[in-house]
Amino acid sequence: MLDIKLIRSNPEYVKERLKTRDEAYALMIDELLAVDGERRRIISEVETLKAEKNKLSKEIGLLYREGKKEEAEKAKEAVQAKNKKIEQLEKELKDIESRFNHILLSIPNIPHESVPVGEDEEDNVEIRRWGEPRKFDFEPLPHWEIGEKLGILDFERGAKLAGSRFTVMYKEAAKLERALINFMLDLHTKEHGYTEVWTPVLVKPEILIGTGQLPKFEEDLYKVCDEDLYLLPTAEVSLTNLHAGEILKEEELPKYYTAYTPCFRREAGSHGKDVRGILRQHQFDKVELVKIVKPENSYEELEKLVQEAEKVLQLLELPYRVVELCTGDLGFSAAKTYDIEVWIPSQNRYREISSCSNTEAFQARRAKIRYKTKEGKNQFVHTLNGSGLAVGRTLLAIMENYQKPDGTFDTPEVLKKYM
RNA sequence: GGAGAGGUGGCCGAGUGGUCGAAGGCGGCUCCCUGCUAAGGAGUUGAGCGGGUUUUCCCCGCUCCGAGGGUUCGAAUCCCUCCCUCUCCGCCA
């Protein structure tokens with residue numbers, strides 16, 4: 001959520017910045033300001049009436065004590081008249097307030113000045129590469145073929161149990177999944193100072209509003225039937241919202257959280273994309289990294305966050321590149337995002353395995369996460385999140401990059417003690 | 001799921017219809033005292049929103065005592081619904 005005060009005081013700036021994402025957002029700003037004006041007009045009116053009403057009510061109490069019954073009765077009638085007006089205005093206000101909130105919650109974050117302006121994926125900027133894609137002296141197979149031949153990935157039975165984009169894993173694959181989770185958690189807790197967290201994977205709607213998945217992206221989420229709960233699409237949601245509604249002490253910051261959770265996504269609108277294999281599943285494992293920091297540090301922290309995620313791939317010796325997303329490709333809540341893309345031999349290209357973002361105060365404002373400064377002021381924190389990493393995609397990358405001519409694959413050295 | 005108890009400010013805790021944003025204590029902050037520490041004394045200390053004033057220094061107002069409704073001129077206080085916590089029972093991994 002953007003700061004309404006910023007939008008009010010500098011609408012042209014906000015519009016220009018949002019246009020770098022999509023031209024259409026300028027109109028939303030105009031609409032929002034119109035609704036905001038109306039909203040404030042009604043608030044003023046209601047509050048004036050309430051002030052008068054409160055004053056009268058107090059007087060009624062005094063009149064009764066003095067035994068002036070008749071005057072009291074008269075005053076009662078006056079208050080009743082005011083109450084009628086108040087009731088009517090509050091109805092209007094409720095309506096306009098929900099429109100106001102809906103618009104404000106549907107406006108994406110302003111991209112940071114450093115973000116390259118562009119339309120889509122094509123305009124993303126490669127920042128660096130690490131490792132050399134391996135030269136195969138045989139034709140490398142896609143992971144689904146390796147997995148099926150070895151009898152460790154079972155797409156048919158996955159579909160039988162739950163439908164398309166669900167997979168069953170056996171033996172080495174299942175074990176490797178578990179090893180990767182432990183390896184990643186150990187790395188981030190022992191080397192990078194993160195606190196390990198275990199969270200619910202069902203969350204309330206207001207929690208998803210806090211991180212920006214709702215109200216706009218409901219179609220991407222699984223909702224539990226008969227209950228007002230959603231399946232977690234990423235642990236970013238539960239970790240960031242740990243401190244929703246709280247005012248933290250300055251000395252508590254920064255907070256670094258990591259959690260392994262399964263993630264659930266409907267993948268609405270990606271029909272036909274990556275249909276084979278485990279690259280895009282409705283259920284996948286992820287180790288997530290979340291940072292809650294002071295505003296002045298957040299960009300430094302973003303650079304560190306990317307490096308911490310990269311470290312996983314370096315230790316696994318998987319070639320990757322880091323890409324800076326352009327304005328048009330930026331996620332809803334993000335002010336700046338780096339994607340890490342791992343080399344996929346069968347596709348002869350890099351594919352996303354991590355996304356690291358600074359949302360600045362965008363989520364903090366929605367989730368009301370603040371801290372008290374030394375001067376005693378309550379200020380919104382900045383929140384960051386990154387995959388550290390997507391476990392299924394890491395597994396697939398290992399299967400493909402470490403594959404051998406006989407159809408098997410090696411285990412990366414650092415994982416051996418986890419197997 | 002059943003029965004009972006309860007949810008009040010950073011924490012503890014009082015308050016059963018008006019003068020309560022809320023006693024008291026703890027903690028925090030400021031000042032005084034003090035050789036250091038400890039103790040002591042005085043004061044101060046919730047959040048959001050709207051408006052004024054202008055800028056971060058105030059002033060006015062509205063809202064908030066788990067959430068949402070209701071009764072009333074007036075609700076922390078009375079009524080209803082829901083949520084959560086605790087105790088006992090049931091069930092269960």
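Heavy-atom basis, side chains included; hydrogens, waters and symmetry copies ignored. Residue numbering restarts at 1 for every chain, and letters A, B, ... go by the order of the sequence lines.
- Remark: A:K55 is not in phosphate contact with B:C73, judged by side-chain N or O atoms under 4.0 Å from OP1 or OP2.
- Between A:N54 and B:G18 there is no side-chain polar atom (N or O) within less than 4.0 angstrom of OP1 or OP2.
- Between A:D220 and A:R265 there is no side-chain heavy-atom pair separated by less than 4.5 Å.
- Residue contacts shown for A:L56 are absent, as no nucleic acid heavy atom lies under 4.0 Å away.
- Using a 4.0 Å heavy-atom criterion, one finds that A:A51 contacts the sugar-phosphate atoms exclusively.
- In this structure, A:R40 atom CZ and B:G51 atom P are separated by 4 Å, rounded to whole Å.
- The distance between atom CD of A:E47 and atom P of B:G61, rounded to the nearest whole Å, is 12 Å.
- Look at the P atom in both B:C26 and B:G21: the space between them is 25 Å, to the nearest Å.
- In terms of phosphate contacts, A:R8 brings a side-chain nitrogen or oxygen within less than 4.0 Å of OP1 or OP2 of B:G50.
- Salt-bridge check for A:E301 with A:K291: passed, with a basic side-chain N closer than 4.0 Å to an acidic carboxylate O.
- Between A:K76 and A:E52, the residue anchored nearer the 5' end of RNA chain B, judged by the nucleotide with its closest heavy atom, is A:E52.
- Here the separation of B:G40 from B:G48, taken at their C1' atoms, is 39 Å to the nearest Å.
- Rounding to whole angstrom units, NZ of residue A:K377 and C1' of B:C58 are separated by 12 Å.
- In terms of position on RNA chain B, the residue among A:V46 and A:E77 whose nearest nucleotide sits closer to the 5' end is A:V46.
- The side chain of A:R370 places an N or O atom within less than 4.0 Å of a non-bridging phosphate oxygen (OP1 or OP2) of B:G48.
- The residue A:R41 sits apart from the nucleic acid: no heavy atom pair falls under 4.0 Å.
- Side-chain atoms of A:Y371 and A:E246 form no donor-acceptor pair, as typed in the model, at a separation below 3.5 Å.
- Distance OH (A:Y64) to C1' (B:U19): 18 Å, rounded to an integer number of Å.
- Two rings, from A:Y230 and A:F264, have their centers 6.0 Å or more apart.
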